[in-house]
Amino acid sequence: MVEHTLHSISLFYPEIIIVVTLCVIIIADLVVKKKNHTAGWILMGGFGLAGITVLLQAGRNESVFYDMVAVDPFALFFKVLLLLSGIFIVFFSVNSDELKAYKSRIGEYYMLLAGMMLGMLLMVGSTNLLLMYLAFEVTSISSYVLVGFIKKSLRSSESSMKYIIYGAVSSGVMLYGISLLIGITGATDIYGINAALLAGVDQPLILNISILMIIVGLGFKITVVPFHFWAPDVYEGAPMTIAAILAVASKIAAFGMLIRFFSVSFINAEGISAAGVWQIFDALHWDLLLGAMAAMAMIVGNLTALMQDNIKRMLAYSSIAHAGYLLMGVVILTEQGISSILIYLFIYLFMNLGAFYVAMLFSNKVNTESIEAYKGLGHRAPLEGVAMTIFLVSLTGLPPTGGFIAKLYIFGAAISAGWIWLVAIAGITTVISLFYYIRVVRNMYFFEPETGAKRLHFTFGSKIILLLMLIPTLLLGVYFTPLLEFAQSSIKILGLN
Amino acid sequence: MDILLNITIYLPLLAIAAVILVRTDQAVKWVSLAATSVTFFLSLLLIFNFDTANSHILQFVTEGPEIIPGYDIKYLVGLDGLNLLLFMLTTLFGPIAILSSWNSVTKHLKGYYSMLLLLQTASLGVFAALDLIVFYVFFELSLIPMYFLIGIWGGAERIMATIKFFIYTLAGSLIMLVALIYLGFHAGGVHAEYIFTADWRFISSPEYQIGLVEQTYMFLAFALAFCIKVPLFPFHTWLPHAHTEAPTAGSVILAAIMLKMGTYGLVRVCMPVFPNAFMEFASWFAILAIIGIIYGALVAMVQKDVKKLVAYSSVSHLGFVVLGIFALNTVAVQGAVIQMINHGLSTGALFLLVGMIYDRRHTRMIKDFGGIAKVVPVFAVFFLITTLASIGLPGLNGFIGEFLILTGAFFSELYDNSIYAVLSALGVILAAVYMLWMYERVMLGSITNDENKKMKDLNFREIGLLVPLVLFMVWIGIRSEDFTRYSEVWVDNFIDVTETKSVAVLKEAQKDDLPGWTAAFYNLDEESDELEVELVQIQGGLK
């Protein structure tokens with residue numbers, strides 16, 4: 001028993017490192033002068049170190065802490081993505097002017113980021129419903145506070161309040177669903193639930209209700225329609241850095257949890273086929289339900305984004321639409337579908353963080369988040385303008401950028417599984433999405449800057465960070481074989497077809 | 001030899017780096033000119049080494065490794081009888097586009113020339129790519145530089161024009177993407193090694209056949225994307241806007257190169273891959289083409305803006321190309337292929353000429369001109385030759401293409417009625433009316449506007465970029481066989497393939513249980529002996 005615990009701890013280093021970092025930040029915040037981003041650099045070091053330990057776990061496929069947490073290639077893929085986005089967010093935060101006004105409290109900010117990261121790392125690794133819920137809440141509570149971090153801004157406080165209310169209700173509903181599921185299956189870990197379901201459940205109605213309730217909680221986190229209402233207001237009020245992490249990292253974590261939960265619990269590992277993935281419970285057409293949610297997210301997200309003038313609100317609706325594209329992969333739930341989600345998330349990380357980053361740089365300099373105010377910015381900031389253009393083209397899904405490969409994969413997976421109507425909706429909404437993405441580009445380039453407007457200068461460091469996101473976005477559009485192999489090897493353990 | 005083709009395609013792209021690095025405006029122009037000129041000379045090496053007798057076989061092939069295990073998606077470029085001349089046309093227009101903007105574009109030079117160079121690589125890639133996914137990538141890539149060219153350096157209403165242009169084309173191509181992925185998996189189901197294949201050589205080969213139902217849907221999706229690009233009536237409404245608002249070089253490339261991507265796609269993909277649907281829908285598309293020919297000509301006639309007039313004439317002229325493609329016999333398809341080149345040369349030259357008078361007078365309204373032939377005689381000569389070529393005067397290039405197309409359409413088994421050719425011949429007459437009337441109002445008579453008296457005639461640079469175009473117009477006009485010989489074998493071979501495939505699919509369909517509409521649509525209800533007879537007839541007619 002002691003041995004198992006010790007062994008478990010040896011595979012739990014990434015999470016432990018984050019916890020230690022969190023503590024170090026609290027102490028450092030008390031001791032060190034608060035003039036600069038010391039805490040930020042400490043957190044960066046922590047994320048980096050955790051990243052290395054995660055990579056050292058490559059190839060491991062074990063269940064630790066008595067089936068509480070899985071250390072497997074699937075979790076590894078998501079942890080790499082999460083830590084990568086965490087590192088980028090710290091870079092953003094160091095460069096953010098918005099946060100400068102709160103220098104004295106910046107230690108708290110980084111501490112909460114560490115807490116959020118801990119929650120997200122656990123979300124993708126946990127195989128037990130209780131730990132899943134716990135991790136979910138750790139993530140949520142940290143992010144509630146982070147959203148309201150700009151205390152003096154009314155919008156920030158308002159959005160934090162909205163987020164708490166919406167989040168609390170959703171996770172409450174989810175917890176109720178979890179308790180029902182545990183009640184009828186008698187197991188808390190997802191393997192046990194799977195075994196119980198395969199043995200036969202005599203209460204199909206309760207089973208269906210409980211899963212619907214769990215979908216409410218997860219749907220809230222991945223901002224899929226109809227659980228998306230919080231996103232635009234929260235993104236708009238939150239600091240740009242936090243809006244970025246909500247749009248990227250927390251969505252990645254939620255997808256990790258969603259995929260593991262569905263693909264382990266509800267699959268008959270004996271005789272699954274592409275069509276019969278959802279066979280295990282036949283009372284509801286789950287694939288159709290999720291497909292409808294995906295379609296709604298694509299339609300609502302893209303259509304509403306058309307009317308936005310605030311870049312953060314626009315990106316919020318765009319992230320709802322992307323959640324819809326991603327959910328297409330879950331609907332199929334084949335190996336191809338899941339690996340296309342992984343590929344999509346990887347590319348989405350770079351292109352969406354990039355768009356948020358450029359928006360943040362612009363708002364630092366011209367102090368506005370209005371897309372109308374972007375007129376002529378492309379001529380005033382050449383590198384940033386080109387980068388933003390490439391990120392937005394990639395978000396639209398046009399070649400030769402990574403976004404095209406992401407869409408190509410997910411469309412391909414859906415078509416080969418026979419979901420042509422869903423792909424048709426995805427294709428049409430992609431055309432619609434072009435309107436609002438390209439509107440930013442249009443404003444940046446098709447208008448001359450006002451007379452007297454000077455060229456914007458950005459620091460060398462901020463340009464380097466920009467290139468770190470720009471190069472992968474372009475490179476993944478032409479060369480993506482390693483990513484593909486990484487994604488495919490990551491989902492082998494799920495045992496899908 | 002195959003490295004040469006790749007250098008030709010990517011040299012303009014590499015030159016963008018140089019354009020960004022050099023410091024002066026002059027250097028930017030010279031670097032771009034050098035890159036595109038070298039591209040053109042390299043492409044000459046390609047055409048000299050081309051094996052005409054085997055033009056149905058892909059030459060100068062570069063084949064990359066498959067990028068996804070089990071999926072036959074790979075970098076595949078090559079030239080054959082169909083794309084060789086279009087490829088050459090693109091490289092020819094590279095330096096011409098650069099030279100035409102030499103003095104007329106003054107703002108954001110680096111951006112402008114980078115976009116022109118990117119557009120050059122993208123266009124070359126579209127014509128050379130033979131893996132359909134790679135083809136799609138280049139097809140979409142060509143939109144982005146054109147979007148910026150119109151949007152930043154365009155006219156007053158450029159923003160509306162860019163949105164229209166982008167949305168129309170993207171809508172079409174995304175539908176094509178969905179069909180393309182479906183096609184890839186379907187072809188992979190037949191292929192021995194792969195589960196997905198986008199290799200055109202396999203997809204167009206006789207051993208790969210598609211059932212009637214799937215064929216119909218996929219054909220419509222592909223044809224829609226290509227017809228928006230052409231543009232075929234009623235999808236043409238983006239074109240006049242885009243042309244009018246684009247800067248001169250943008251209009252030239254748009255007319256000469258980008259519109260050809262649509263007609264090229266129809267021949268490359270729709271014809272050999274979906275033969276039955278192609279044949280069944282041929283007369284529908286021919287009707288749309290004829291409406292386009294006549295409608296385009298009538299609208300062109302009432303235009304007050306010369307550039308808009310030329311834009312509408314494009315709608316009319318490309319109707320002929322579509323008519324030729326769907327006639328599906330050697331003569332007509334051959335005519336369509338050469339007419340693509342002809343239209344590129346003459347309409348490209350017309351847009352250049354319109355750009356030149358716009359540079360001088362900053363207006364394109366017909367009423368602002370009149371009698372300027374006396375002031376600018378050299379310009380008048382070039383304008384006259386180009387106008388006549390565009391009308392289709394015997395001895396110049398336009399005649400050959402239109403003659404072949406009309407002859408082919410007249411005897412086409414698919415149209416089965418000479419009225420198609422007769423009606424479209426009306427377009428030739430109308431073309432003479434609107435072009436000559438425009439020429440008369442702009443160039444002849446007495447000078448009505450005093451400002452025109454001070455107009456300068458063409459300078460050395462402008463003559464230099466028009467001469468090669470006029471040279472080709474005359475050359476094709478007198479010795480068209482120098483050009484048609486490249487595509488002869490290709491056209492013969494692939495019309496054979498199309499016909500063989502369609503017969504095989506129909507035979508197969510007899511045995512299968514197909515939905516009712518298919519049976520009615522493809523006439524499957526007839527007695528099988530009758531069908532045999534009909535098939536023999538089709539075969540005979542096609543040959």
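By convention in this document, chain letters (A, B, ...) are assigned in the order of the sequence lines, proteins followed by strands, and residues within each chain are numbered from 1. Reckoned from all heavy atoms, side chains included, excluding hydrogens, waters and symmetry mates.
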Taking the side chain as everything from C-beta on, heavy atoms only, tell me whether B/Lys107 gets closer than 4.5 Å to A/His379.
no
With rounding to the nearest 0.5 Å, note down the distance linking NE2 in B/His186 to CD1 in A/Ile415.
13.0 Å
Residue selection (most heavy-atom pairs with chain B, distance under 4.5 Å) from A/Thr389, A/Val423, A/Leu434
A/Leu434
Could you check which of A/Phe411, A/Phe435, A/Phe480 has the highest count of heavy-atom pairs closer than 4.5 Å to chain B?
A/Phe435
Can you tell which of B/Leu170, B/Ile167, B/Ile195 has the highest number of heavy-atom pairs within less than 4.5 Å of chain A?
B/Ile167
Taken to the nearest 0.5 Å, the spacing of A/Leu408 CG from B/Ile181 CD1 works out to 5.0 Å
Other residues, nucleotides, ligands: >12 heavy atoms within 6.0 Å of B/Glu157 CD
no
Side chain, backbone, both or neither: which part of A/Gln488 has an atom under 4.5 Å from a heavy atom of chain B?
neither
With only heavy atoms counted, which part of B/Ile175 is less than 4.5 Å from chain A, the side chain, the backbone, both or neither?
neither
Side chains of A/Val478 and B/Tyr75: does their closest heavy-atom pair fall under 4.5 Å?
no
Region of B/Phe196 in contact with chain A, defined by heavy-atom distances below 4.5 Å:
neither
Given A/Leu398 and B/Phe166, is the side-chain contact (heavy atoms from CB on, under 4.5 Å) satisfied, shown in steps?
CA-CA 12 Å; A/Leu398 292 184; B/Phe166 213 148; 3.8 Å; yes
Taking side chain as everything from C-beta outward and backbone as N, CA, C, O, which of these in B/Tyr136 sits under 4.5 Å from a heavy atom of chain A? Side chain, backbone, both or neither.
both
Nearest atoms (heavy-atom pairs only) where B/Val137 meets A/Pro400:
CG1-CB, 4.3 Å
Taking atom OH as the centre, does B/Tyr217 end up with more than 12 heavy-atom neighbours from other residues, nucleotides or ligands that are less than 6.0 angstrom away?
no
Under 4.5 Å from any heavy atom of chain A, what part of B/Phe185 do you find: side chain, backbone, both or neither?
side chain
Out of curiosity, B/Ile163 CD1 to A/Arg439 CZ, how far, rounded to the nearest 0.5 Å?
10.0 Å
Between CD1 of A/Ile420 and OH of B/Tyr182, what distance do you get to the nearest 0.5 Å?
5.5 Å
Structural part of B/Thr162 lying under 4.5 Å from a heavy atom of chain A:
side chain
In Å and rounded to the nearest 0.5 Å, what is the CD1 to CD1 distance from A/Ile438 to B/Ile144?
7.5 Å
Supply the atom-to-atom distance A/Phe446 CZ to B/Trp153 CH2, rounded to the nearest 0.5 angstrom.
8.5 Å
Heavy-atom count around A/Glu372 CD within 6.0 Å, excluding the residue itself: above 12?
yes
Could you tell me which portion of B/Tyr147 (side chain, backbone, both or neither) has an atom closer than 4.5 angstrom to a non-hydrogen atom of chain A?
both
Using heavy-atom distances under 4.5 Å, tell me whether A/Val393 contacts chain B through its side chain, its backbone, both, or neither.
side chain
